[in-house]
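The structure appears right after this line, and notes come after that.
Lettering of chains follows the sequences in order, A, B, ..., and the numbering in each one begins at 1.
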Protein chains: 2
Amino acid sequence: MTKHITIRDIAKMAKVSVGTVDRVIHKRGEVAEESYKKVVAILEKTGYKPNLIARALVSSKSVKIAVLLPNPKQDEYWKLSVEGIDQAQQEWAQYSLELTRYYFDLYKNESFRSMAEKVLKSAPDGIIAAPVFTEESVEFFTSCKERNIPFVLVNSNLTSPSPLSFIGQDLYQSGMLGAELLHQGQKKPGTYAIMHIYDDVHASKYLSEKEKGFRDYFKEQGDKTYEVISIDLNHTHTRTLERELMELFSNPKLRGILVTTSKGAQVVSKMLEKRGKNDIKLVAYDLLKSNIRHLRAGTIDFLINQNSKRQTFIGINQLTNHLLFRKKVVPNYLFPLEIVARKNLQSYLDSVDH
Amino acid sequence: MTKHITIRDIAKMAKVSVGTVDRVIHKRGEVAEESYKKVVAILEKTGYKPNLIARALVSSKSVKIAVLLPNPKQDEYWKLSVEGIDQAQQEWAQYSLELTRYYFDLYKNESFRSMAEKVLKSAPDGIIAAPVFTEESVEFFTSCKERNIPFVLVNSNLTSPSPLSFIGQDLYQSGMLGAELLHQGQKKPGTYAIMHIYDDVHASKYLSEKEKGFRDYFKEQGDKTYEVISIDLNHTHTRTLERELMELFSNPKLRGILVTTSKGAQVVSKMLEKRGKNDIKLVAYDLLKSNIRHLRAGTIDFLINQNSKRQTFIGINQLTNHLLFRKKVVPNYLFPLEIVARKNLQSYLDSVDH
DNA sequence: CTGAAAGCGCTAACAA
DNA sequence: TTGTTAGCGCTTTCAG
């Protein structure tokens with residue numbers, strides 16, 4: 001019934017040609033003041049909506065998107081996000097979408113910098129990236145802005161050059177939730193630890209946001225009986241690491257640990273399993289293989305799911321929709337903080353998005 | 001680089017016309033054995049993928065979809081799903097998608113039946129529905145099958161006339177999770193109740209699946225010290241209801257209640273709040289206003305989110321993609337069982353999908 | 001049984 | 001400054 005109004009209809013009503021109407025719609029000038037006004041008026045009155053399908057068909061130009069992420073081989077978390085890339089690529093297979101992947105070394109800002117340079121050289125129509133190294137990212141995305149290349153950020157955000165869209169979670173709330181999950185049901189006062197374990201020096205705003213939330217949770221508890229310690233272990237020497245962990249475990253007041261890094265979770269849960277769990281609660285992030293096993297076994301009590309796969313998938317989708325169809329994007333696409341426990345784990349593994 | 005292969009290319013390679021290729025692709029016969037084989041071979045070899053955009057453009061016929069759901073005014077849960085319809089409608093606004101909504105009385109199978117009839121009369125291209133009344137649904141969707149009208153089911157599934165796609169959760173696991181959330185951290189044996197409260201007689205497979213999971217959880221606990229009671233209250237007489245609840249509350253062994261219906265959750269949590277919560281745990285479903293309030297206040301301990309909005313949204317999307325682009329759909333689109341607690345509630349409310 | 005041709009709605013190049 | 005026109009890739013008559 002509601003016959004769609006086309007550019008032809010507009011042209012007829014305004015007594016001009018479709019060419020003129022198109023010029024008005026896309027503001028590519030060369031239109032007489034008078035015609036312009038007439039067309040705009042009719043556009044408004046009729047509430048004309050362009051047919052995106054036709055628009056996409058005609059352009060039919062392959063949209064080129066660059067994906068700039070940490071090397072998935074280094075970290076299982078980022079391996080999950082690759083599944084999101086694959087899924088998006090499949091989804092858009094018929095629409096000429098060219099996805100090129102650029103993986104940088106998660107622990108070397110040098111690597112980020114050089115990969116970013118490559119991305120720029122390839123002159124993509126859009127970029128989706130994880131701004132792991134803040135300083136380098138600011139620099140890189142500033143040049144993107146200058147060149148008018150839209151970029152979408154996943155996992156963590158940047159304030160200064162603002163992205164077309166950010167996809168991720170509220171990290172502060174995430175830290176709070178981690179604290180709550182550890183503290184929940186515990187009546188005795190004690191010590192709670194938040195641990196970041198990585199391979200190299202690696203100052204990340206990402207982790208500190210979580211830590212702030214974690215600390216604030218215990219502050220809010222009112223009674224000052226909670227001691228919060230933050231542990232940064234930045235070495236690959238398994239020995240040293242194990243020694244430090246053993247020392248931590250031996251603290252009789254230790255009630256729980258929140259591990260923020262995937263490598264970390266693996267090490268800590270293995271050690272805790274060996275030692276016998278007793279009363280130390282453990283919360284980690286994401287549906288990584290080792291985490292799943294330890295959640296099932298009971299070493300890990302809860303996981304907080306960040307859904308790396310879906311973050312990346314949505315990111316590419318938004319960017320492509322923007323580029324191909326000029327659709328509007330959600331500037332701040334926040335994911336909920338998903339709690340995964342023993343009894344709902346299976347439903348996550350069964351679910352389509354996993 | 002990867003120049004897309006078109007139907008023209010195929011035609012040229014097979015030395016036939018595009019018409020013939022099209023006839024082969026869509027199996028609309030009238031093709032000589034020989035040409036058929038030739039074309040199929042080339043199709044396979046080249047891995048031809050149709051351009052969905054072009055396909056959608058040419059048909060350009062407005063796809064007509066009927067939405068058959070319970071009246072959102074009767075139940076907040078179904079009100080959420082309306083948001084999903086709205087969202088989908090917006091998303092597909094430019095693509096001539098005609099969505100017509102048919103709301104039936106949640107408590108009257110008669111109403112379902114008559115609405116279903118109306119749907120059939122409107123001769124839609126596809127249907128998305130919640131098969132609340134099993135018997136009537138089986139009948140209705142059987143006629144849909146006969147008429148070749150594809151239908152997508154949300155919330156609960158039907159076995160017999162199988163839908164194009166089902167979107168929902170595993171209800172058995174859901175009941176289990178509810179039980180676990182109640183039982184967790186409780187050491188003393190006791191009584192656990194699962195409650196279904198509705199306005200009218202209403203035998204629903206939906207609820208019984210959850211109940212099975214609930215009961216099985218406690219069976220699995222090994223020790224026989226858990227008593228499970230199931231309560232069906234099917235009246236609107238507030239007095240009687242309150243009396244029955246008071247009686248339940250007065251059972252000193254009662255440890256927790258899982259309420260499966262939205263109306264129920266509202267009543268129970270209000271009563272429990274008045275009485276003083278003490279040791280009775282309460283778990284309910286979905287981010288309904290009253291549930292959110294009581295979760296914040298502590299009367300409700302956990303919510304299990306079914307994400308009615310997204311279920312409906314995804315359902316319409318799948319159906320439209322199928323109808324408009326002939327895209328493949330996921331036959332069994334399972335959602336994870338999301339646990340909402342005090343500390344991650346806000347993230348759910350902030351998230352885009354809410 | 002097959003090929004030719006007219007569009008679907010929009011864009012962009014080219015003429016006027 | 002404007003109008004005309006040739007496609008984008010596919011579907012669907014309509015003649016042969």
(request) Please state whether the phosphate of dC1(C), meaning OP1 or OP2, lies under 4.0 angstrom from any side-chain nitrogen or oxygen of Ser35(B). (result) no
(request) Let me know the distance between CD1 of Ile10(A) and C1' of dG9(C), rounded to the nearest Å. (result) 12 Å
(message) Closest approach to the side chain of Val31(B), judged atom by atom: which nucleotide of dT2(C), dT11(C), dT12(D) is it?
(response) dT2(C)
(message) Centroid separation under 6.0 Å, is that true for the rings of Phe104(B) and Tyr102(B)?
(response) no
(request) Could you please name the option among dT11(D), dT1(D), dG9(D) that lies closest to any side-chain atom of Thr6(B)? (result) dG9(D)
(request) Can you figure out which of dT2(C), dA5(C), dC10(C) approaches the side chain of Pro50(A) most closely? (result) dC10(C)
(request) In whole angstrom, give the distance that lies between atom NZ of Lys49(A) and atom P of dC10(C). (result) 13 Å
(request) Let me know the distance between CD1 of Ile7(B) and P of dC8(D), rounded to the nearest Å. (result) 14 Å
(request) Mark yes when over 12 heavy atoms from residues, nucleotides or ligands other than Arg101(B) sit less than 6.0 Å from its CZ; otherwise mark no. (result) yes
(message) Treating Ser308(A) as the side-chain partner and Trp78(A) as the backbone partner, does any N or O pair qualify as donor plus acceptor under 3.5 Å?
(response) no
(message) Given dG9(C), dT4(D), dG9(D), identify the nucleotide with an atom nearest to the side chain of Ala54(B).
(response) dG9(D)
(request) Provide, to the nearest angstrom, the distance between the CZ atom belonging to Arg8(B) and the C1' atom belonging to dG3(C). (result) 12 Å
(message) As a test of reading the structure: which of dC10(D), dG9(D), dT1(D) is closest to the side chain of Leu57(A), going by heavy atoms?
(response) dG9(D)
(request) Kindly indicate, with the supporting measurements, whether the criterion salt bridge (Lys or Arg N to Asp or Glu O under 4.0 Å) is fulfilled by Arg113(A) and Glu117(A). (result) CA-CA 6 Å; Arg113(A) 198 188 293 273; Glu117(A) 217 162 284; over 6 Å; no
(request) Assess whether atom NZ of Lys145(B) is packed by more than 12 heavy atoms of other residues, nucleotides or ligands within 6.0 Å. (result) yes
(message) Applying a 4.0 Å non-hydrogen cut-off, can you work out what Tyr36(A) is touching in the nucleic acid: base, sugar-phosphate, or nothing?
(response) nothing
(request) Return the value, rounded to whole Å, for the distance between atom CG of Asp22(B) and atom C1' of dC1(C). (result) 15 Å
(request) Answer yes or no: does a side-chain N or O of Thr20(A) lie under 4.0 Å from OP1 or OP2 of dG3(D)? (result) yes
(request) Output the single nucleotide from dT2(D), dG9(C), dT11(C) whose closest atom is nearest the side chain of Asn51(A). (result) dG9(C)
(message) I want to check one thing: is the phosphate of dG9(D), taken as OP1 and OP2, less than 4.0 Å away from some side-chain N or O of Arg55(B)?
(response) no
(message) Does dG9(D) have its OP1 or OP2 closer than 4.0 Å to a side-chain nitrogen or oxygen of Tyr48(B)?
(response) no
(request) Write down the distance between CG (Leu52(A)) and C1' (dG9(C)), rounded to a whole number of angstrom. (result) 11 Å
(message) If I take atom NZ in residue Lys37(B) and atom P in nucleotide dT2(C), what distance separates them, rounded to the nearest angstrom?
(response) 14 Å
(request) State plainly whether the residues Lys38(B) and Glu34(B) are in salt-bridge range, i.e. N to O under 4.0 Å. (result) no
(request) Let me know the distance between CG of Leu43(B) and C1' of dC10(D), rounded to the nearest Å. (result) 14 Å
(request) When you get a sec, tell me which of dA5(C), dC10(D), dC8(D) is the closest nucleotide to the side chain of Val58(A)? (result) dC8(D)
(request) Could you please name the option among dC14(C), dC10(C), dG9(D) that lies closest to any side-chain atom of Arg23(A)? (result) dC14(C)
(request) Side chain of Val18(B) only, please: which of dT2(D), dT2(C), dA5(C) is the nearest? (result) dA5(C)
